[in-house]
Amino acid sequence: MPRLLPVEACDLPEDYDPSVPPRTPQEYLRRVQIEAARCPDVVIAQIDPKKLRKKQTVSISLSGCQPAPDGYSPSLRWQQQQVAQFSAVRQPSTEDEESWKKFCLGERLYSDLAAALNSESQHPGIDYIKVGFPPLLSIVSRMSQATVTSVLEYLVNWFEERNFTPELGRWLYALLACLEKPLLPEAHSLIRQLARRCSQIRAGVEHKEDDRVSPLNLFICLVGRYFEQRDLADCGDPS
């Protein structure tokens, strides 16, 4: 290494004791030189694995989703269709104008835009302050990955103590569509938490015709199949 400080030769006295503090700056620098010369070129740390195990503080939940009650689990074909549709929603081509119209307006509104506009003019505006804002493209497209992960965390934690609602489902779907792969560790943990919560609520549904079953199946499917958390996916009917 190149010399950074000029150090003059300093002869240490015969009674030199390294445990005694240096008396002059020159003596201090000379001690640094001696200590550096004694250091080996390569140092191998001696680590005791037993001590590391005792100091681990990471807590990871290895529990999977609760199995679907009889008749509640979607077929494997349905799950594959949902993954294909979700993939198309996540990655529309920038130049594909028609796909973006369908993405923003929905299939039915896109096919009958004039009628929808006439119908809209006959109804008063919605007070979004009271009912909440829908996950409009103009909103979610401006969200950074950090914001997407934070909002997802807020909603998933809120969902842990409450029931499923359509408003929640729309936002969760939109946020999942904004997540970039490979997932960050925080997002990975959140989507697994979401799938487990969905399976927990589904297990308590009394009738499989309940409107919540399909969206709950959808989120479990997306987490398990699209985001490749296979241990959380429903096995499904192979038909």
Side-chain angles (χ1 to χ4, degrees), residues 58-92 103 106 132 134-137 139-141 143-205 208-239:
V58 179
S59 178
I60 301 177
S61 176
L62 300 178
S63 60
C65 288
Q66 298 185 24
D70 292 339
Y72 284 51
S73 179
S75 67
L76 182 59
R77 181 179 179 182
W78 181 90
Q79 296 183 58
Q80 293 170 342
Q81 290 174 344
Q82 299 304 317
V83 170
Q85 293 175 7
F86 185 71
S87 300
V89 167
R90 281 175 57 93
Q91 300 174 347
F103 177 84
L136 302 174
L137 182 62
I139 298 176
V140 296
S141 63
M143 298 170 67
S144 66
Q145 283 298 293
T147 303
V148 170
T149 304
S150 295
V151 176
L152 183 62
E153 179 181 6
Y154 301 151
L155 295 182
V156 170
N157 289 339
W158 185 88
F159 185 33
E160 281 289 339
E161 301 177 356
R162 295 169 179 81
N163 212 327
F164 181 84
T165 65
E167 294 80 6
L168 175 65
R170 286 191 285 268
W171 265 106
L172 290 175
Y173 190 92
L175 293 172
L176 290 181
C178 292
L179 282 179
E180 294 179 357
K181 298 173 70 175
L183 296 176
L184 296 173
E186 296 83 357
H188 178 271
S189 175
L190 287 171
I191 64 171
R192 292 183 62 86
Q193 182 181 349
L194 171 61
R196 288 193 293 266
R197 176 57 177 165
C198 288
S199 71
Q200 181 183 11
I201 292 183
R202 183 180 63 180
V205 174
K208 61 181 180 181
E209 293 80 11
D210 192 300
D211 292 339
R212 294 171 295 172
V213 173
S214 181
L216 293 173
N217 283 340
L218 174 60
F219 287 121
I220 297 173
C221 167
L222 296 179
V223 172
R225 304 290 179 181
Y226 186 87
F227 291 104
E228 301 175 347
Q229 306 300 304
R230 305 294 184 186
D231 60 308
L232 302 182
D234 290 315
C235 295
D237 187 343
S239 60

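Being a predicted model, the structure only gives us computed values, none of them experimental.
- Residues V156 and L190 share a closest heavy-atom pair of CG1-O, 4.1 Å.
- The two residues F227 and L176 make their nearest non-hydrogen contact at CZ-O, 3.6 Å.
- Residue L216 holds its CG atom at 6.0 Å from CD1 of I201, rounded to the nearest 0.5 Å.
- Expressed to the nearest 0.5 Å, how far CD of Q229 lies from CG of D231 amounts to 6.5 Å.
- Atom NZ of residue K208 and atom CG of residue D70 lie 9.5 Å apart, to the nearest 0.5 angstrom.
- Going from atom CG of L152 over to atom CG of L194 covers 7.0 Å, rounded to the nearest 0.5 Å.
- Side-chain atoms of Q145 come within 3.5 Å of backbone N or O of E180 as a donor-acceptor pair.
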Problem - Chi angles and distances behind the side chain to side chain contact (heavy atoms under 4.5 Å, CB included) call for R225, L76 - result: CA-CA 10 Å; R225 304 290 179 181; L76 182 59; 3.6 Å; yes
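- Remark: side-chain polar atoms of S189 are not paired, donor with acceptor, to backbone N or O of E186 under 3.5 angstrom.
- Checking D234, N217, V213, D210 one by one against Y72, the side chain to side chain contact (heavy atoms under 4.5 Å, CB included) holds for a single residue, V213.
- Atom OH of Y226 and atom CD of Q79 lie 16.0 Å apart (nearest 0.5 Å).
- Shortest non-hydrogen contact noted between G169 and F219 is O-CZ, 3.3 Å.
- The two residues N163 and L168 make their nearest non-hydrogen contact at O-CD2, 4.4 Å.
- Defined by atom type and a distance below 3.5 Å, a donor-acceptor pair is missing between the side-chain atoms of S150 and T147.
- Although no hydrogens or angles enter the test, the distance criterion places no donor-acceptor pair under 3.5 Å between the side chain of Y173 and the main chain of L218.
- Listed here is the closest heavy atom pair of F159 and C198: CE2-SG, 3.9 Å.
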Practice task
Take I220 and L232, measure what side chain to side chain contact (heavy atoms under 4.5 Å, CB included) needs, and give me the verdict at the end.
Solution key: CA-CA 7 Å; I220 297 173; L232 302 182; 5.5 Å; no
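- Side-chain atoms of R202 do not come within 3.5 Å of backbone N or O of P69 as any donor-acceptor pair.
- Taking both residues in full, the closest heavy atoms of C221 and W78 are given as CB-CZ3, 4.2 Å, listed atom of the first, atom of the second, then distance.
- To the nearest 0.5 Å, atom OG of residue S214 and atom CD of residue Q82 are 7.0 Å apart.
- Side-chain N/O atoms of Q200 and R197 include a donor and acceptor closer than 3.5 Å.
- For R212 and F164, the positive end is not near the middle of the six-membered ring at less than 6.0 Å and at most 45° from its axis.
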